Amino acid sequence: MIEIKNINKTYGSGETAFSALKGVSFTIRDGEFVAIMGPSGSGKSTLMHILGCLDTPTSGTYFLDGKDVSKFSDEELADIRKDKIGFVFQSFNLLPRTTVLRNVMLPLVYAGVEGDERERRAKEALTSAGLSETHYNHHSNEISGGQIQRVAIARALVNEPTLILADEPTGNLDTKTGEIVLETFEKLNKEKGRTIILITHELGVAEHARRVITIKDGVIVSDRSTSKTK
Amino acid sequence: MKIIDVLQETYTALSANKVRSGLTVLGIVIGISSVIAMVSIGAGASNSISSNIQALGSNLIMVTPGAQRGQGFGVSLGRGGAKTLTLSDADAIRTLQNVNAVAEEVSGRYQVTAKGTNTNTTVDGVTSSYPEIRNVTIDQGSFISDSQNESSSKVAVIGPTVVTDLFGDTALPADAVGQIIRIKGMEFKVIGVTVSKGGSGFNNQDDMIYVPTKSAQRFLSGNQYLTSIDIEATNSNVMTQLQTDITDILLARHKISDSTQADFSVLNQNDIISSASSITNTLTYLLAAVAGISLIVGGIGIMNMMLTTVTERTREIGLRKAIGAKKSDISKQFLIEAIILTLVGGAGGIILGWLIAFLVNWSGLITTSVSWGSVILAFGVSAFIGVIFGYYPARRAAGLNPIDALRYE
Ligand SMILES: Nc1ncnc2c1ncn2[C@@H]1O[C@H](COP(=O)(O)OP(=O)(O)OP(=O)(O)O)[C@@H](O)[C@H]1O
Ligand SMILES: [Mg+2]
């Protein structure tokens, strides 16, 4: 469960200080599928980085499964990322000049999973992300943008994290490919019960989620349920 | 993270960036090999200079005509530059104590012909004691005898280089004995061939023709003066004393009271050795400086490659951290990468340096010798630079928070 209270994030200091998040608070229960919406520069990515333990807030508290991670050290945050969180980034997702399979196995390498088990789980994740076997040994520059996103999704779920964070996963994709990627997320949420937080600025994309949080200039302006909510 | 995984990760990272890894290794190879090759050539040059000096003979004192102008200049003042030494001077020296042997020399360069071939070489008028004093050994035939000298016989002993120059590349020393050669148009009979001394360049003692001193005076130089007198002392302890005695007796004979006005110079072999060793020392310093500079340049190259690598890969570091890598996992990976690159580059550099030294040796220019000191120094310095500059920037990058690293440009 995610519980953030009065999160602030300020970049820079003095004259050039810029407040990207101004007192953001919400709670996301396990198994929710949430979309975070907002115009460009509103602080979506900043928020996601904090939720994903990649960055720490300037002030405020963040309870992840009951632990206050806002004061965690670098090492402790690395452990949380390794065990609980999977990411799909806005860009620069895969290691260059490295095969699809190795990219997906990487989180397992850091988690200390054995070689055979590693490969089995990587292939399983690639299958559930909908990438066909023919691409496993392709390098990241030999596959399409949509395929890259699916590899990134496979990598995000290979560790079986409870929380999957995706920053504009369909940003660079055509509508049809985007739909396939979004259906993958929906399936993961429904069938495996993963908590999914997805960032987008497209309403159509947000409608795949069951809850939409909209932020603007670093503050939440709306928090509503969608038609998908059962 | 297990060590085997770190190694595997390192391997994939290095092979994913073949060009960059290759260039880094190349930088290290060049840095190390140039130092090793340079130092080996320097050591070889020093060795060849000192062995040339040893080949001159032992306990040798040389008297040459011309003014005494301090140690260094004495050597360069051309033989026969002035006409002041005579056979009776040599005889007077022969009467001194501690003299083992005396050889009178009349040397000059002349055109030499035999059966249509010709060469221009040094013709040295010498006496029977010359081989003993100057470490010359006879291969075929015999050396000049006292009676041949007294009778001004037209006989010659030639060096192995002269044999091939005059009688063709395939000529054997034995073939030359008994042949007639013409020096300055006059016929001389070859009675012997010397053993090769392997000298080279400025002091090739194989490219020489020896004739009796008196024959050289009569037929070649056309006067009764000597171009040098070589004296062998009985042992090395008496060299200085003998040098003084020779100076005194010649000053008296030439009726010169002020020794600074002497019309000859007396050179002790120890003086030659000490001035030559000061030259080789300078040479060694020079080469050490050149090697040091190439090591610094190589080191900066390595530094540059390593820093660029880390900078370029900061985003990769951020991504790795975002998916669960700890700071220590990243540091380990880059440390091992740096170690592997420097080891591969180091091994390549040592092999290449050795190869260059071997090729120089094989080409016959200089007999090189690779010193372990230079290998260890070159390898140590580049390994140190490689590891420091591969590891520390990576450690710093690994310390960044993943977002800052991912944003890095
Ligand atoms: N490292 C940083 N230093 C300074 N300012 C930053 C930094 N990162 C983000 N910002 C600022 O914070 C604000 C929010 O950035 P953020 O990346 O969260 O936007 P976003 O909502 O994800 O936008 P987009 O939809 O374009 O991705 C922006 O105005 C940006 O300029
Ligand atoms: Mg963004």
Side-chain angles (χ1 to χ4, degrees), chain A residues 9 11 20 45-46 48-50 52-56 72-99 101-115 118 139-141 152 154-159 161 165 167, chain B residues 1-24 308-337 394-409:
Chain A
K9 180 71 183 177
Y11 289 113
S45 296
T46 307
M48 191 194 94
H49 295 152
I50 292 171
C53 295
L54 291 169
D55 209 350
T56 45
F72 268 25
S73 72
D74 197 56
E75 291 289 281
E76 292 169 309
L77 289 175
D79 274 329
I80 301 256
R81 288 196 296 269
K82 190 177 74 189
D83 299 333
K84 299 197 168 173
I85 300 169
F87 286 101
V88 180
F89 288 101
Q90 202 165 358
S91 60
F92 194 74
N93 259 307
L94 304 185
L95 285 188
R97 295 176 287 266
T98 308
T99 63
L101 198 58
R102 263 210 83 75
N103 261 295
V104 178
M105 290 196 308
L106 207 52
L108 300 176
V109 171
Y110 290 119
V113 177
E114 290 295 330
R118 216 186 273 167
H139 285 190
S140 46
N141 60 339
R155 192 189 53 202
L157 50 93
V158 75
N159 255 356
L165 295 161
D167 195 349
Chain B
M1 195 179 177
K2 292 189 216 74
I3 192 75
I4 178 84
D5 290 329
V6 181
L7 285 175
Q8 167 120 49
E9 219 31 64
T10 305
Y11 171 76
T12 17
L14 287 180
S15 53
N17 302 298
K18 285 195 187 66
V19 174
R20 203 160 50 200
S21 314
L23 285 175
T24 312
T308 328
T309 302
V310 173
T311 316
E312 270 184 32
R313 289 173 65 187
T314 302
R315 293 213 298 173
E316 178 192 324
I317 291 173
L319 184 59
R320 284 176 187 277
K321 281 196 78 176
I323 59 177
K326 288 208 175 67
K327 185 177 172 180
S328 62
D329 295 332
I330 306 281
S331 305
K332 259 186 252 164
Q333 181 189 334
F334 274 77
L335 178 64
I336 291 178
E337 274 186 35
R395 225 179 99 97
R396 202 195 53 212
L400 287 177
N401 98 21
I403 288 308
D404 289 342
L406 272 169
R407 285 228 171 115
Y408 195 88
E409 280 174 346

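Since the model is a prediction, treat every value here as computed from it, not as a measurement. Residue numbering restarts at 1 for every chain, and letters A, B, ... go by the order of the sequence lines. Excluded from the calculations below are hydrogen atoms, water molecules and symmetry mates; all remaining heavy atoms, backbone and side chain alike, are included.
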**Q** Determine the option with the most heavy-atom pairs under 4.5 angstrom with chain A, choosing from N401(B), I403(B), L406(B).
**A**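 Of the options given, most contacts go to I403(B).
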
**Q** Give me the atom names and distance for the closest heavy-atom approach of A322(B) to F89(A).
**A**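 Closest approach of A322(B) to F89(A), heavy atoms only: CB-CZ, 3.5 Å.
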
**Q** With a sphere of 6.0 Å drawn around OH of Y11(A), does it hold more than 12 non-hydrogen atoms of other residues, nucleotides or ligands?
**A**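 For Y11(A), atom OH is crowded (more than 12 foreign heavy atoms under 6.0 Å).
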
**Q** For the pair D5(B) and R118(A), evaluate salt bridge (charged side-chain N to carboxylate O under 4.0 Å, His left out) and give the outcome as yes or no after the intermediate values.
**A** CA-CA 12 Å; D5(B) 290 329; R118(A) 216 186 273 167; 2.7 Å; yes

**Q** Can you tell me how far apart CG (L54(A)) and CD1 (I323(B)) are? Round to the nearest 0.5 Å.
**A**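 The distance works out to 11.0 Å.
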
**Q** Please report the C-alpha distance between E9(B) and L106(A) in whole Å, then the side-chain angles of each, then the deciding distance to 0.1 Å, and finally whether the side chain to side chain contact (heavy atoms under 4.5 Å, CB included) criterion is met.
**A** CA-CA 9 Å; E9(B) 219 31 64; L106(A) 207 52; 3.5 Å; yes

**Q** Which heavy atom in A325(B) sits nearest to a heavy atom in A78(A), and how many Å separate them?
**A**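 Closest heavy-atom pair between A325(B) and A78(A): O-CB, 4.0 Å.
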
**Q** Quick one: CD on E316(B) to CZ on R97(A), what's the gap to the nearest 0.5 Å?
**A**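 That separation rounds to 8.5 Å.
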
**Q** Decide side chain to side chain contact (heavy atoms under 4.5 Å, CB included) for K82(A) and K326(B); before the verdict, give the C-alpha distance in whole Å, the side-chain angles of both, and the deciding distance to 0.1 Å.
**A** CA-CA 9 Å; K82(A) 190 177 74 189; K326(B) 288 208 175 67; 3.7 Å; yes

**Q** Among V109(A), I85(A), N159(A), T56(A), which has the most heavy-atom pairs under 4.5 Å with chain B?
**A**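 Between V109(A), I85(A), N159(A), T56(A), the count favours V109(A).
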
**Q** Measuring heavy-atom distances to chain A, does R320(B) have an atom under 4.5 Å in its side chain, in its backbone, in both, or in neither?
**A**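 Both backbone and side chain of R320(B) come within 4.5 Å of chain A.
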
**Q** Of the listed residues (D83(A), D74(A), T98(A)), which shares the most heavy-atom pairs with chain B below a 4.5 Å separation?
**A**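 Counting heavy-atom pairs under 4.5 Å, the top option is D74(A).
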
**Q** Are the side chains of R81(A) and K321(B) in touch, meaning some heavy atoms are under 4.5 Å apart?
**A**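 Yes, close enough: below the 4.5 Å cut-off.
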
**Q** If I measure from the heavy atoms of chain B, does L77(A) come under 4.5 Å with its side chain, its backbone, both, or neither?
**A**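 Interface part for L77(A): neither.
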
**Q** Tell me the closest heavy-atom pair linking G324(B) and Y110(A), and the distance in Å.
**A**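 So the minimum-distance heavy-atom pair works out to O-CB, 3.8 Å.
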
